[in-house]
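Just so it is clear, the model here is predicted, and its values are computed rather than measured. A, B, ... follow the sequence lines: proteins, then strands. Residue 1 opens every chain.
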There are 2 protein chains.
Amino acid sequence: MDKQVSPPVCEVECVHADKVDALRPVVGGLNGVGEMVANLADDTRFKVLYALSQSELCVCDVAAVVGATTAAASYHLRLLYRTGLADYRRDGRLVYYRLSEDRMRPVLEAIKSYVLAMQVP
Amino acid sequence: MDKQVSPPVCEVECVHADKVDALRPVVGGLNGVGEMVANLADDTRFKVLYALSQSELCVCDVAAVVGATTAAASYHLRLLYRTGLADYRRDGRLVYYRLSEDRMRPVLEAIKSYVLAMQVP
DNA sequence: CCCATAGTCAAGCGTGTGTTTGAGTGTACG
DNA sequence: CGTACACTCAAACACACGCTTGACTATGGG
């Protein structure tokens, strides 16, 4: 089940074995990080999730907030639901979505801060 | 150059105009966030950048740390360089990369914490 | 000068993704 | 019942991405 450790990797384990050995276990614990980050790696979807982190919203509202069609908003909301980041409840004709994973808030805030900080200079 | 604002978006601006009006300017300031997050939305590339955030490394070391070929490591490093997240210097036959944007550290740490927190339960 | 080595580049591949479109589902209300 | 509306679903399209492969550049040592 290992991916690749030996064949086309440099000659030996390369130049700085100490640093490499120190980093490998740490980095190895990050498996799956790409898949998780990919849930946020789209303008529309990040905006949707950030909006949900601020307020419970129906699909219609989400579409209006992010500037998308309801179909597109529904697509992203369903995707966020399936990956466990959002939850929903039905109330009459409306469907309300909300952020379901509070541990995501610091991530959203960190990314938001970074983006806003990059817009000034 | 605007994307879509009016046509198939609900009827009016939908159910909760107050929340929508409050969120729209905030969310509107997040343009480009998806493109930025996409730089981290891959297991290998996130690991590469995280490793760089911990230590200056040559391509060979990076490949060894993340378990990839030097070509794959070089591909991601070059991409990170082109997007301004990494910088490099040449020293003899070796090329050393490092994190060039310190403001990225809190983002990397927040994501790492989230991933590690999700692995326990 | 020539070879070995670290790194880069470009083409090609398999694969995945966001959006549109149009049809379908479910709820409310007269 | 039947219309109206919020929402969902599935197909299709266009596009982009990560990795491999093999050739190429650049540095340094014999």
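Each of D:dC7, C:dT19, C:dG7 was ranked by its minimum atom distance to the side chain of B:Cys58; first place goes to C:dG7. Each of D:dC9, C:dC9, C:dA28 was ranked by its minimum atom distance to the side chain of A:Arg82; first place goes to D:dC9. Of the candidates D:dT8, C:dG18, C:dC9, C:dC9 carries the atom nearest the B:Ala71 side chain, counting heavy atoms from C-beta on. For A:Leu79, taking side-chain heavy atoms from C-beta onward, the closest of the listed nucleotides D:dC7, C:dT20, C:dG18 is C:dG18. Considering only side-chain atoms of A:Arg93, the nucleotide from C:dT20, C:dA28, C:dT17 that sits closest is C:dA28. For A:Thr44, whose side chain is taken as the heavy atoms from C-beta onward, the closest listed nucleotide among C:dG7, C:dT20, C:dT19 is C:dT19. The listed nucleotides are C:dA28, D:dT27, C:dT8; the one nearest the side chain of B:Val59 is C:dT8. Comparing D:dT20, C:dG26, D:dA26 by their closest approach to the side chain of B:Arg90 singles out D:dA26. Residue B:Leu94 places its side chain closer to C:dA6 than to any other of C:dG18, C:dA6, D:dC5. Checking D:dC5, C:dT20, D:dC7 against every side-chain atom of A:Cys60, the shortest atom distance belongs to D:dC7.
Between A:Glu56 and A:Arg89, at least one side-chain nitrogen of the basic residue sits less than 4.0 Å from a carboxylate oxygen of the acidic one, meeting the salt-bridge criterion.
Atom OH in B:Tyr81 sits about 16 Å away from atom P in C:dG7, given to the nearest Å.
Side-chain nitrogen and oxygen atoms of A:Thr70 include none within less than 4.0 Å of the OP1 or OP2 phosphate oxygen of D:dT8. At least one side-chain nitrogen or oxygen of B:Arg78 sits closer than 4.0 Å to the OP1 or OP2 atom of C:dC9.
A:Tyr88 and A:Tyr81 have perpendicular rings, their planes meeting at more than 60° on a 0 to 90° scale where under 30° would count as parallel.
In terms of heavy-atom proximity, A:Ala41 sits nearest to B:Val37 at CA-CG1, 3.7 Å. Shortest non-hydrogen contact noted between B:Pro106 and A:Ala110 is O-CB, 4.2 Å.
The residue from B:Asp87, B:Val59, B:Asp91 that alone fulfils the side-chain contact (heavy atoms from CB on, under 4.5 Å) condition with B:Tyr96 is B:Asp91.
Summary of the strand contacts: A:Gly92 and A:Tyr75 both lie near DNA chain C, and taking for each the nucleotide with the nearest heavy atom, the more 5' one is attributed to A:Tyr75.
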